[in-house]
Amino acid sequence: MTQDQKYFMRKAIELAKEGMLTGNGGPFGCVVVKDGKIVGQGFNMVLKTKDPTAHAEVVAIRDACKTLDNFQLDGCEVYTSCEPCPMCLGAIFWARPAKVYYACTKEDAANAGFDDEFIYQEIEIQPELRKIPMISFLREESLKAFGLWKEKGNKTLY
């Protein structure tokens with residue numbers, strides 16, 4: 001790794017400590033970098049905001065998208081203090097950065113009490129059989145919105 005990459009990862013790790021020590025949430029931090037500059041950063045804010053989606057990566061992605069005035073992170077790199085959880089992984093794929101670097105592994109997180117393995121397992125189960133059952137209904141009515149989307153001429157694909 002280059003000195004710049006080490007700097008950005010250390011910044012993510014510092015944010016993880018800061019967020020946790022100030023009572024905002026768990027020990028997770030993240031920075032988003034474009035052209036060698038930090039364009040977004042965040043630490044876990046779940047406890048402070050009472051928002052279960054306020055993970056460090058999501059906070060940093062939101063910050064970077066606001067800075068870049070774009071809903072995607074083209075040409076960006078994400079540095080996160082820990083391997084992203086399933087939710088953050090989804091957010092990262094939707095944001096489409098060029099690369100993600102992480103420090104701790106999901107096993108390290110599990111050893112600290114942040115075990116996401118059950119979510120990975122639930123993804124493979126039929127929706128109605130999950131621990132939180134997911135029941136589909138009014139599909140035909142809802143498909144009309146997709147039909148309108150398909151017909152829309154001036155849409156932005158993402």
Side-chain angles (χ1 to χ4, degrees), residues 9 12-13 15-16 19-20 22-34 39-158:
M9 185 60 77
I13 294 166
L15 286 166
M20 182 215 25
T22 55
N24 290 293
F28 302 95
C30 182
V31 296
V32 179
V33 176
K34 183 163 185 159
V39 295
Q41 65 181 22
F43 45 68
N44 185 293
M45 301 271 295
V46 169
L47 298 178
K48 181 177 181 171
T49 62
K50 298 179 181 35
D51 176 356
T53 69
H55 288 199
E57 295 90 339
V58 173
V59 172
I61 288 169
R62 289 175 180 161
D63 188 39
C65 288
K66 183 177 178 184
T67 298
L68 298 172
D69 193 30
N70 198 331
F71 60 90
Q72 293 188 325
L73 300 177
D74 297 325
C76 292
E77 295 178 336
V78 174
Y79 293 80
T80 182
S81 64
C82 189
E83 185 176 357
C85 76
M87 177 186 69
C88 293
L89 187 61
I92 287 165
F93 272 97
W94 281 115
R96 294 183 175 92
K99 194 170 284 187
V100 176
Y101 298 96
Y102 62 92
C104 291
T105 66
K106 63 183 180 179
E107 291 80 16
D108 296 327
N111 287 334
F114 299 94
D115 192 352
D116 299 324
E117 186 57 34
F118 76 98
I119 298 172
Y120 291 103
Q121 292 171 4
E122 287 289 306
I123 290 169
E124 299 300 321
I125 297 172
Q126 288 288 338
E128 64 277 5
L129 300 177
R130 293 178 179 153
K131 288 182 181 159
I132 300 174
M134 300 181 181
I135 313 301
S136 176
F137 73 102
L138 294 181
R139 179 174 175 249
E140 293 301 320
E141 288 184 36
S142 188
L143 280 172
K144 292 175 185 172
F146 284 131
L148 291 171
W149 174 256
K150 288 178 186 179
E151 294 171 8
K152 184 174 166 64
N154 62 343
K155 61 188 167 197
T156 301
L157 297 176
Y158 57 96

Asker: Of all heavy-atom pairs between Met9 and Thr80, which one has the smallest distance, and what is that distance?
Answerer: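 Scanning both residues, the minimum pair turns out to be SD-O, 3.4 Å.
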Asker: For side-chain contact (heavy atoms from CB on, under 4.5 Å), just list the numbers for Met87 and Thr53, CA-CA rounded to whole Å, side-chain angles, deciding distance to a tenth of an Å, and then say yes or no.
Answerer: CA-CA 8 Å; Met87 177 186 69; Thr53 69; 3.9 Å; yes
Asker: At their closest point, which heavy atom of Ala12 faces which heavy atom of Tyr79, and how far apart are they?
Answerer: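 So the two residues come closest at CB-O, 3.5 Å.
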Asker: Can you give me the closest heavy-atom contact between Asp115 and Glu117, atom names plus distance?
Answerer: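 The answer is OD1-N, 3.0 Å.
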Asker: For Val39, does its backbone N or O pair with a side-chain atom of Thr67 as donor and acceptor, under 3.5 Å?
Answerer: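 Yes: the side chain of Thr67 pairs with the backbone of Val39.
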Asker: Contact between Met20 and Asn44 at the side-chain level, heavy atoms closer than 4.5 Å - yes or no?
Answerer: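 Contact flag for Met20/Asn44 side chains = no.
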Asker: Given 3.5 Å as the limit, does a donor-acceptor pair link the side chain of Glu83 with the main chain of Lys106, or not?
Answerer: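 Yes; at least one donor-acceptor contact below 3.5 Å.
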Asker: Please assess Val59 against Cys30 for the test side-chain contact (heavy atoms from CB on, under 4.5 Å), listing each intermediate value before the final yes or no.
Answerer: CA-CA 8 Å; Val59 172; Cys30 182; over 6 Å; no
Asker: Judged by atom type as modelled, is there a donor-acceptor pair below 3.5 Å linking the side chain of Glu122 to the main-chain atoms of Lys131?
Answerer: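 Checking the backbone N and O of Lys131 against the side chain of Glu122, a donor-acceptor pair under 3.5 Å is found.
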Asker: Hey, is the main chain of Lys48 close enough, under 3.5 Å, to the side chain of Asn24 for a donor-acceptor pair?
Answerer: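 No.
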Asker: Can you see which heavy atom on Val58 is nearest to which on Cys88, and at what distance?
Answerer: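 Nearest heavy atoms, Val58 then Cys88: CG2-SG, 4.1 Å.
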Asker: Parallel, tilted or perpendicular, judged at 30° and 60°: which one describes the rings of Tyr158 and Phe71?
Answerer: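 Because their plane-to-plane angle is over 60°, the rings of Tyr158 and Phe71 count as perpendicular.
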Asker: Quick check on Ile135: does its CD1 atom have over 12 non-hydrogen neighbours (other residues, nucleotides or ligands) under 6.0 Å away?
Answerer: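 Above 12, so yes.
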Asker: Phe114 versus Pro27: any side-chain heavy-atom pair under 4.5 Å?
Answerer: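 Yes; the side chains approach each other to less than 4.5 Å.
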Asker: So how far is it from Ile119 CD1 to Leu89 CG, rounded to the nearest 0.5 Å?
Answerer: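 Here the rounded value is 11.5 Å.
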Asker: Taking Asp74's backbone N and O only, do any of them form a donor-acceptor pair with Lys34's side chain (distance below 3.5 Å, no angle check)?
Answerer: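 At least one qualifying donor-acceptor pair exists.
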Asker: Okay, side chain of Ser81, backbone of Gly29: is any donor-acceptor separation there less than 3.5 Å?
Answerer: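 Side chain of Ser81 to backbone of Gly29: a pair is present.
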Asker: Considering the options Ile61, Ile92, Val33, which one meets the side chain to side chain contact (heavy atoms under 4.5 Å, CB included) requirement together with Leu73?
Answerer: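 When Ile61, Ile92, Val33 are each tested with Leu73, the side chain to side chain contact (heavy atoms under 4.5 Å, CB included) holds only for Ile61.
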Asker: Tell me whether Lys99 at atom NZ has more than 12 heavy atoms from other residues, nucleotides or ligands lying less than 6.0 Å away.
Answerer: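 No, because the 6.0 Å sphere around NZ of Lys99 holds 12 heavy atoms or fewer from other groups.
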Asker: Surrounding CZ of Phe93 (heavy atoms of other residues, nucleotides or ligands, distance under 6.0 Å), is the total greater than 12?
Answerer: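 No, not enclosed.
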Asker: Would you confirm whether Asp108, through its side chain, and Thr105, through its main-chain N or O, come within 3.5 Å as a donor-acceptor pair?
Answerer: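 Checked: pair present.
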Asker: Decide side-chain contact (heavy atoms from CB on, under 4.5 Å) for Asp51 and Met45; before the verdict, give the C-alpha distance in whole Å, the side-chain angles of both, and the deciding distance to 0.1 Å.
Answerer: CA-CA 8 Å; Asp51 176 356; Met45 301 271 295; over 6 Å; no
Asker: Nearest heavy-atom pair of Leu157 and Trp149: which atoms, and what distance?
Answerer: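 In this case the closest contact between Leu157 and Trp149 is CD2-CZ2, 4.1 Å.
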Asker: Verify side-chain contact (heavy atoms from CB on, under 4.5 Å) between Arg139 and Leu143, making sure each step is shown before the conclusion.
Answerer: CA-CA 6 Å; Arg139 179 174 175 249; Leu143 280 172; 4.1 Å; yes
Asker: What distance do His55 atom NE2 and Glu57 atom CD have between them, rounded to the nearest 0.5 Å?
Answerer: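 His55 NE2 to Glu57 CD: 8.0 Å, rounded to 0.5 Å.
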Asker: Give me the atom names and distance for the closest heavy-atom approach of Ala56 to Phe28.
Answerer: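 Minimum heavy-atom contact is CB-O, 3.4 Å.
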